J.: 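Please see the structure below; I have some questions.
When reading the values below, keep in mind they use all heavy atoms of this one structure, side chains included, and skip hydrogens, waters and symmetry mates. Keep in mind the model is a prediction, meaning the values are calculated, not measured. Counting starts at 1 for both ligands and their atoms, following the listed order.
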Amino acid sequence: MKLEAMQYQTIQVSPLTPTIGAEIAGVDLAKPLTQQQFEEIHAALIRHLVIFFREQTISTEQHKEFGRRFGKLHIHPTSQMPGHPEVLEIKADENSTWVAGEVWHSDVTCEIEPPMGSILHITKVPDNGGGDTLFANMYRAYELLSDPMRQFLEGKTAMHEGAQVYAGRHGKDPSRQYPVAEHPIVRTHPVSGKKALYVNRNFTTRIVGLNKNESEAVLQMLYQHIERDDLKCRFKWRPGSIAFWDNRCAQHQAMWDYFPQKRYGQRVTIAGDKPY
Ligand code: SIN
């Protein structure tokens, strides 16, 4: 059966917007998933691109176990939680000079096989609100381009460079190497078969084959296009909320509008394939 057509029997699914995002109820992620629960959650992810769960009390081990149902866990190239290399801590406080994910992106696209999905469990939210995360639908971004622009981008690739994001955070040590990858500007999702726009402000540095000015102009146009409000949903976290997003067809941005307050969570990331 096509995942998009699946009827849910074990979970309740409430879309946040018609374009992207849905809240899932009826499942306790601290317990191992049945096969039916797994298939329904997977179908909801494919249909809505990002899914949300509320009031989940899970340990780091249970979080990793949930992630492993969807694939091998990814290890971040620069940030790993002590004792749990597959976990990325998301944290901000009065001493922070940056937070992860402030700029629109899909996770770690500087790798040759970027992560398929990411599962973020937030346990501390800022005291006076803020710290929402925005998500945007990259299928829709592709569909809303004109035919001539889609034809222009067809077959083109872009470079994605880790140094653009990580070098400033981890110092200018010249011996430190960061991942670099070349990806199609339009990728095909391996499960849905649909085309999605696949460049992002964080990691993409240039379009292969264009000169610098041309590349910069096209990338800036695409970034503005991707950030249109009608592609987005906005998620308001509460302690115990979980967001699970599909990096192959969605981008996200974390709002850092709560400095100097604290926000804390843990992210488990699922390995992916080489985009085509
Ligand atoms: C990220 O994983 O990019 C951070 C998202 C967030 O903190 O909401």
J.: Identify, by atom number and element, the atoms of ligand 1 in contact range of W245, meaning under 4.0 Å from any of its heavy atoms.
T.: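 Every atom of ligand 1 under 4.0 Å from some heavy atom of W245: 2 (O).
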J.: Starting from the C-alpha separation in whole Å, work towards a yes-or-no answer on salt bridge (charged side-chain N to carboxylate O under 4.0 Å, His left out) for K232 and E227.
T.: CA-CA 8 Å; K232 293 181 199 157; E227 294 161 20; over 6 Å; no
J.: Below 4.0 Å from any atom of ligand 1, is there a heavy atom belonging to H105?
T.: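 So H105 counts as touching ligand 1.
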J.: Under 4.0 Å from ligand 1, counting heavy atoms only, is it the side chain of V99, its backbone, both or neither?
T.: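 Answer for V99: neither.
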J.: Taking a cutoff of less than 4.0 Å between a non-hydrogen atom of the residue and any ligand atom, is Q253 in contact with ligand 1?
T.: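 So Q253 does not count as touching ligand 1.
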J.: Would you tabulate the side-chain donor-acceptor contacts of residues 269-276 under 3.5 Å, counting partners in other chains and residues two or more places apart, or write 'none'?
T.:
| from | atom 1 | to | atom 2 | distance (Å) |
| --- | --- | --- | --- | --- |
| T269 | OG1 | R267 | NE | 3.0 |
| T269 | OG1 | R267 | NH2 | 3.4 |

J.: Go through ligand 1 atom by atom and flag the ones less than 4.0 Å from a non-hydrogen atom of T133.
T.: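 Heavy-atom distances to T133 below 4.0 Å select 6 (C), 8 (O).
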J.: Quick one: which of K91, R267, E102, R263 has a heavy atom closest to atom 7 (O) of ligand 1?
T.: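 Residue with the shortest heavy-atom distance to the ligand atom: R263.
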J.: Quick one: does I90's side chain get under 4.5 Å of L120's, heavy atoms only?
T.: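 Heavy-atom side-chain distance check passes, below 4.5 Å.
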J.: For ligand 1, which atoms sit closer than 4.0 Å to a heavy atom of A100?
T.: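 Selected atoms, number and element: 4 (C).
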J.: Report, in ascending order of atom number, the atoms of ligand 1 lying under 4.0 Å from any heavy atom of G101.
T.: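 So the answer, numbered in order with elements, is 3 (O).
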J.: Taking only Lys NZ, Arg NE, NH1 and NH2, and the carboxylate oxygens of Asp or Glu, determine whether E143 and R150 approach each other closer than 4.0 Å.
T.: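 Result for this pair is no, no salt bridge flagged.
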